[in-house]
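Atoms considered below: every heavy atom in the structure, side chains included; atoms not considered: hydrogens, waters and symmetry mates. We count ligands from 1, going down the list as the structure has it; atoms in each ligand are counted the same way.
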Amino acid sequence: MRVLLSLVLLVFASGVQPALALADDPRIDPTTGRQIAAWAPDRPFDHEHMRLELRFPDMNKAEFEGVMALRAKAVGEARGTLTLDSQGPKVSRVLVRGIEAAFTLQNNRLSIVVAPPAQPGEVIDAVVEYACDFSGNKGDGLVWRRPREDSKSESGRMPQVWSQGQPEHNSRWFPCHDSPNEKLTTELIVTAPKAFEVCSNGRLISTNTAQVGMKTWHWSQETPHPAYLVTLAIGRFSVIDLADEKARASGLRVVAYVPVGSEESAATTLGATAEMIRFFESLFDEPYPWAQYAQVCARGFNGGMENTSATTMMDAIVNGRAGQWDGLIAHELAHQWFGDLVTCNSWDHLWLNEGWATYAEALWDEHKASPQGPEKAKEAYQRNIAGNLRSQRVTNRGFSPDFPAMVSNRYTDPDEMFSRLDNPYPKGACVLHMLRMRIGDTAFFKGSALYLDRYKHATATTDDFRRCLEETSGVSLEQFFDQRVYRPGYPRLGVDLSWDESTRTLGVAFEQTQKIDRFNPAYTLDIPVLVRFSDGSSRTFVSPMNARTGRLDVVLDSRPTRVIIDPDLTICAPTQIRTPLTTAEPAASPAAPAQ
Ligand SMILES: [Zn+2]
């Protein structure tokens, strides 16, 4: 998922000074002493397949009738209860093994009696009949958008329905295991008035117009995915073809659902989609995982959401010039591998989804600039990484234990994971960049491909990813992950430069200026220092540091014209040059795009 940056920054800004007055330790609820943490829920049943039949008799109302049929296998021991998350459905009847079953609906949990209990390994079928009024949903779950009579497009003059499941909102419109640690195949069979287009996950198996005025759409996602990636969009759309020759040859449907009248401009702004698919397939060494790639441009949607095979996009994306929205398009497309094919097992590992998708924007920038030569490609890539670091330099002064780290289960609502200061989006991208710099391109991309290959159709944790990179690089990354992933904030450097003409010695004194205390030891860093000379030549030194202060002294042939600390953002440490050598050193970095 990606939301507009301004909204994210607002959340950052509001979190800069957390209210800690009531608690000495924010990890514990001060009244009860309870630990503030979220854990992946149990999976007493392995959910294999869901068939969801929905009927929207009147698109002018935010209401539908549904039948959810689940096939699930008991795990571990005999199971007498099947419990599902269910935040909205009004359940009228439940069947288990074809026979009416007792159920209760409490605290957004639907508990179904399985009698006799399902034995370990036994597969049961449960059917839930329900109705749903979703008029109260404003941006999550299933959302109804009213028609706008003044709209220039006939799409705008008709109502629209779309879903937003992440993180745990799809149980507002169908009962399910609403947590990412469960994957299943799904089918949606949706009946709506025939003027509307219906898009969902996977492959369109059939349509049926047997009933006067109505049309039934049968979509099937034959590759398992988590409940939060189930999507539904109903609206008046034009469907445009974005496939290139290779996609056509392989039978991959690449399309966009766009407002009627915007076909031409949408073909321009979304024009890079097919090329991006090929680029990521090659870079990730893994074929595009789904039966189609649709981008559904939905009214009132904010940013994009990477539902498997059918991303939902804000409809503003159909306006603009070619390339303008490539970052958002690349982000959601990369999620089809990182997030969708391999899914974070719980939301504390969200950076495996969002860090990767954000990082993929930089990878696309690098690829896009590559025809202009490797220097330009590197420049474009680093400009993107510097942007991510810059956003964190201002907002993320986190330290332990007051702030939860990027990977930490310290949250009460999974939505917090998306907006925390030690943010999985920009920090996740910076961490991936640092890993690439540390172990090199070959080991980094091989390790990432290994991760996709090993955990595809399944879920993964941060340590799973680390182990893959360690396998392909031979480098122990435990300390790096401990410092940069499981700990909030960034190392911050104050630097004093000096030049001794008599000995021709350059002195670089480093001080780590972030908080250092019993919870926050100094970082261990290898700091690259680039030194430039008047004849255009340059030399790079690496200064190891594992304490509050460190120092580099090097004898040079001549006085440098410029000293640049960490020119390639290898250590992503916001830096202040407190004592410059010349006026050429920027006072703070990354203040401008990296060189
Ligand atoms: Zn995302």
message: Just checking: Asn353, one of its N/O/S atoms, less than 2.8 Å away from the Zn ion (ligand 1), yes or no?
response: no
task: Indicate whether any N or O donor in one side chain lies under 3.5 Å from an N or O acceptor in the other, for Thr312 and Asn307.
output: yes
task: Check whether the ring centres of Phe465 and Tyr455 lie less than 6.0 Å apart, and answer yes or no.
output: no
query: Which atom, counting only N, O or S, brings His335 closest to the Zn ion (ligand 1)?
result: NE2
- request: Look up atom OH in Tyr228 and atom CH2 in Trp347, then write down how far apart they are to the nearest 0.5 Å.
  value: 4.5 Å
Could you list the donor-acceptor pairs under 3.5 angstrom formed by side chains in residues 484-491, with sequence neighbours left out?
{"unit_1": "Arg484", "atom_1": "NH1", "unit_2": "Ile571", "atom_2": "O", "d": "3.0"}
{"unit_1": "Arg484", "atom_1": "NH2", "unit_2": "Ile571", "atom_2": "O", "d": "3.1"}
{"unit_1": "Arg484", "atom_1": "NH2", "unit_2": "Cys572", "atom_2": "O", "d": "3.1"}
{"unit_1": "Tyr486", "atom_1": "OH", "unit_2": "Asp463", "atom_2": "OD1", "d": "2.9"}
{"unit_1": "Arg487", "atom_1": "NH1", "unit_2": "Pro521", "atom_2": "O", "d": "2.9"}
{"unit_1": "Arg487", "atom_1": "NH2", "unit_2": "Pro521", "atom_2": "O", "d": "2.7"}
{"unit_1": "Tyr490", "atom_1": "OH", "unit_2": "Gln392", "atom_2": "OE1", "d": "3.1"}

statement: Of all the N, O or S atoms in Glu354, the one nearest to the Zn ion (ligand 1) is OE1
